[in-house]
Amino acid sequence: LTYHISIRYLALADVKMDEDYVVEEEVAVAETLLGEALEEMDEEEDGLDVQEHLKDAVEGTLRLKRLLSRDGEDTKRRRVGDDRRPIEQAKARQLMQKWQVFNDAVMHHVLEEATLEELNYLQSCGFAPNKYDARKTPGELTRQHLIQKKEREMGGGSRIDVVTAFRLRWKLPNETDKSLRALTHKELRYVIDTYTAEAASLDDVIDEAKLQGDEEEPGTFNAVPSGEGPLVMSRFNRLELIDPLADCAVFGDANLTFSLNLASHRKGFGHVGRVIATTFEEVETLRERYKEIDESIKTLEESHAEVYHGVDCTRIAIDPRFEGMEGRLGAVYYNFPHSGAVQGFFDSHPMVNWRHENLMRLFFRALRSFVKPGGSVKVASNSGAVGVRYSYIVGSAIENEFLHVETMPFMEWHLHRYGRSYGDKRDVYKRPDAKNNQSYNAQNANADMVYCFTYAPSGEVLPKQQIRMPPTLKTLSQCRDGPFKNMGAGPQREHLAKSLHDRFVKEVSGEHVG
């Protein structure tokens, strides 16, 4: 099929071709045209009628599903825009030879997914995985080393105030910190809103800000103009002073207690924008876990909120319930995201961790079509989480043009008082305490953070969303970690690998598992 499509498109492009020999330039043309043909075939295979302006919001999700469904087709597993694979493959082989890990399927997967920059770093930094580590395999240690390198460049996952976030965004030197913190609220907001690296020097923008005066202007964002800049701006994020007219959406709110809290908050402020509360599970599953769920739904609907069940936040562009909501969301919330535990594997293991990273990447890409410019997005998570790491949240937001404006402690957030849940079968026998979450002890509460973003689209067309590639069925069957650790070759191993692979396909298709 590939051969005949290539011939057909080369003919259409009026490229002369000899049956036994094709020059390099003609091959490049053939590959480009073939890619276009396969994209058309992909759209037909998906069987989804996606509106043109929403295709980008869901393309990554559909591509991930196709990659898993077509397991084994190497040409389809290449990363988007990747034109250096031979170089990367050679460097990966050099590293595996250097570390003597030729038969390690997990290591092969980790290096296969590494970028050229990461591979060069591994070759030059002197790192070598400890093959005798009692807790983690060489593949896990290598992946962890690469992630930690990236996180060191991001400023950390703990508290980052508005000034530090601004400096990190523009890579400003530490010397600018003092002058920024000395600004009033009005001056600091002017600097943050108008400064660009190309326009003028930071000192010039600060001088312009000081010429604005301290007169109070209409609007919430202009309140207390002469107040201490960093303090006043941080209060805005903590008090949840969002657009009163715009709709807001909550994703993954298993027992709906956060949505109840948010609806009450907006009602108290006299907001007219809707609260759209969503759960990933269907209502039948929720009734098994939370006996009060029907009462919660009733209370929300009496507050003019809308409640949707079975919502995959990465696929809202093809969810008919979100039709017509493009550019209408003024605030979005996703508390403690997680792709679900896989028995036998820690969340950080490369065989399953790709799900958590892709969750954030595809979530923020989907939001681009639905959040209005200047809209707020808040994602609460534990700074020490090894599933959905803070770097996945911040990195995914930034690459989709959501500015990181602050990281604040969860307990300082006005909306932190709600009944957290595990969001899985444990909720049947481990119930949360709505007052202080005493029964939720899976993580250190002092490390819980709220990562705050503002949508600032540039108007430029972004490249296709990068995704972390899933392991192939072959890689899973050769894995010697987690549930495969003490399992010999044979039908049992093959069955387990097939079961995991089938689960991954269902997950990326929006089906709830477990």
Side-chain angles (χ1 to χ4, degrees), residues 57-58 61 247-263 275-290 293 296-297 300 305-319 321-322 325 329 331-342 347 355-367 370-371 376-382 385 387-390 392-393 396-397 402 410 413 415-416 418-427 430 432 434 437 440 442-443 448-453 506-514:
V58 76
T61 300
D247 296 339
C248 67
V250 182
F251 291 102
D253 191 13
N255 59 12
L256 296 174
T257 53
F258 179 82
S259 297
L260 286 169
N261 195 9
L262 179 61
V275 172
I276 301 167
T278 75
T279 67
F280 185 55
E281 296 83 359
E282 296 293 349
V283 68
E284 293 78 15
T285 302
L286 298 176
R287 286 176 178 141
E288 295 175 1
R289 299 176 183 174
Y290 318 107
I293 196 67
S296 298
I297 295 172
L300 283 168
E306 296 185 16
V307 182
Y308 301 152
H309 303 292
V311 174
D312 183 339
C313 64
T314 68
R315 299 167 66 90
I316 55 178
I318 53 176
D319 191 323
R321 293 168 292 187
F322 286 84
M325 290 190 193
L329 297 179
V332 172
Y333 307 89
Y334 194 177
N335 293 332
F336 303 95
H338 196 273
S339 288
V342 177
D347 287 342
R355 299 153 58 249
H356 301 290
E357 184 173 2
N358 286 338
L359 172 62
M360 289 293 96
R361 285 180 160 179
L362 299 174
F363 167 66
F364 279 102
R365 180 54 65 102
L367 289 186
F370 294 89
V371 177
S376 164
V377 178
K378 288 186 171 70
V379 180
S381 184
N382 191 275
V388 176
R389 302 179 71 99
Y390 77 84
Y392 298 167
I393 299 170
S396 299
F402 290 85
F410 180 76
W413 191 22
L415 298 179
H416 81 272
Y418 73 97
R420 278 186 63 183
S421 62
Y422 291 92
D424 55 33
K425 296 177 180 178
R426 288 174 291 178
D427 286 332
K430 287 187 177 182
N437 296 329
Y440 188 91
Q443 293 172 325
D448 289 343
M449 297 289 154
V450 182
Y451 300 91
C452 309
F453 308 94
K506 289 181 180 179
E507 287 180 341
V508 300
S509 302
E511 296 182 31
H512 183 67
V513 180

Exercise. Which atoms form the tightest heavy-atom contact between T257 and G419, and what is the distance?
Worked result: OG1-O, 2.9 Å
For this session: Quick one: pull up CG in L329 and SG in C248 and give me the separation to the nearest 0.5 Å.
Result: 8.0 Å
For this session: For T278, check side-chain hydrogen bond (donor to acceptor under 3.5 Å, both in side chains) against everything at least two apart and list the hits.
Result: none
Problem set entry | Donor-acceptor pair, side chain of N255 and main chain of Y290, under 3.5 angstrom | no
Exercise. Atom CZ of F363 and atom CG of N358: how far apart are they, to the nearest 0.5 Å?
Worked result: 14.5 Å
For residues 334-342, tabulate all N or O donor-acceptor pairs below 3.5 Å that involve a side-chain atom, not counting sequence neighbours.
| residue | atom | partner | partner atom | Å |
| --- | --- | --- | --- | --- |
| H338 | ND1 | G340 | N | 2.8 |
| H338 | NE2 | D347 | OD2 | 2.8 |
| S339 | OG | R355 | O | 3.1 |

For this session: Flag the pair I393 / M449 as yes when at least one side-chain heavy-atom distance between them is below 4.5 Å, and no otherwise.
Result: no
For this session: Decide side-chain contact (heavy atoms from CB on, under 4.5 Å) for V508 and T61; before the verdict, give the C-alpha distance in whole Å, the side-chain angles of both, and the deciding distance to 0.1 Å.
Result: CA-CA 7 Å; V508 300; T61 300; 5.7 Å; no
Exercise. Between V58 and R315, what is the shortest heavy-atom contact and its length?
Worked result: CG2-CA, 4.5 Å
For this session: First locate atom CD1 of I293, then atom CD of E281, and finally report the distance between them rounded to the nearest 0.5 Å.
Result: 9.5 Å
Exercise. Looking only at heavy atoms, which two atoms of A277 and L300 are closest? And how far apart?
Worked result: CB-CD1, 4.2 Å
Exercise. Yes or no on side-chain contact (heavy atoms from CB on, under 4.5 Å) for V371 and F453, after CA distance, side-chain angles and deciding distance?
Worked result: CA-CA 11 Å; V371 177; F453 308 94; over 6 Å; no
Seminar exercise, completed: Here the gap from K378 atom NZ to Y451 atom OH, rounded to the nearest 0.5 Å, amounts to 14.5 Å
For this session: Applying side-chain contact (heavy atoms from CB on, under 4.5 Å), name anything that partners E306, two or more places apart in sequence or on another chain.
Result: R274, Y308
Seminar exercise, completed: residues 249-259 vs salt bridge (charged side-chain N to carboxylate O under 4.0 Å, His left out), sequence neighbours excluded, gives none
Exercise. Would you say the side chain of R420 lies within less than 4.5 Å of the side chain of Y418, judging by non-hydrogen atoms?
Worked result: yes
Exercise. Quick one: does V332's side chain get under 4.5 Å of F402's, heavy atoms only?
Worked result: no
Seminar exercise, completed: Here the gap from F370 atom CZ to I316 atom CD1, rounded to the nearest 0.5 Å, amounts to 4.5 Å
For this session: Give the intermediate values and the outcome of side-chain contact (heavy atoms from CB on, under 4.5 Å) for residues D247 and M325.
Result: CA-CA 9 Å; D247 296 339; M325 290 190 193; 5.8 Å; no
Exercise. Going by heavy atoms in the side chains, are R321 and I276 under 4.5 Å from each other?
Worked result: no
Exercise. Which residues satisfy the side-chain hydrogen bond (donor to acceptor under 3.5 Å, both in side chains) test with Y390, sequence neighbours excluded?
Worked result: none
Problem set entry | Side chain R365, main chain T314, donor-acceptor under 3.5 Å | no
Exercise. What's the spacing between L362 CG and L367 CG if we round to 0.5 Å?
Worked result: 11.0 Å
Exercise. With sequence neighbours left out, what residues match R361 under salt bridge (Lys or Arg N to Asp or Glu O under 4.0 Å)?
Worked result: E357, E399
For this session: Provide the closest heavy-atom pair for L359 versus C313 in the form atom of the first, atom of the second, distance.
Result: CD1-SG, 4.1 Å
For this session: Report yes if the side chains of S509 and D312 come closer than 4.5 Å at any heavy-atom pair, otherwise no.
Result: no
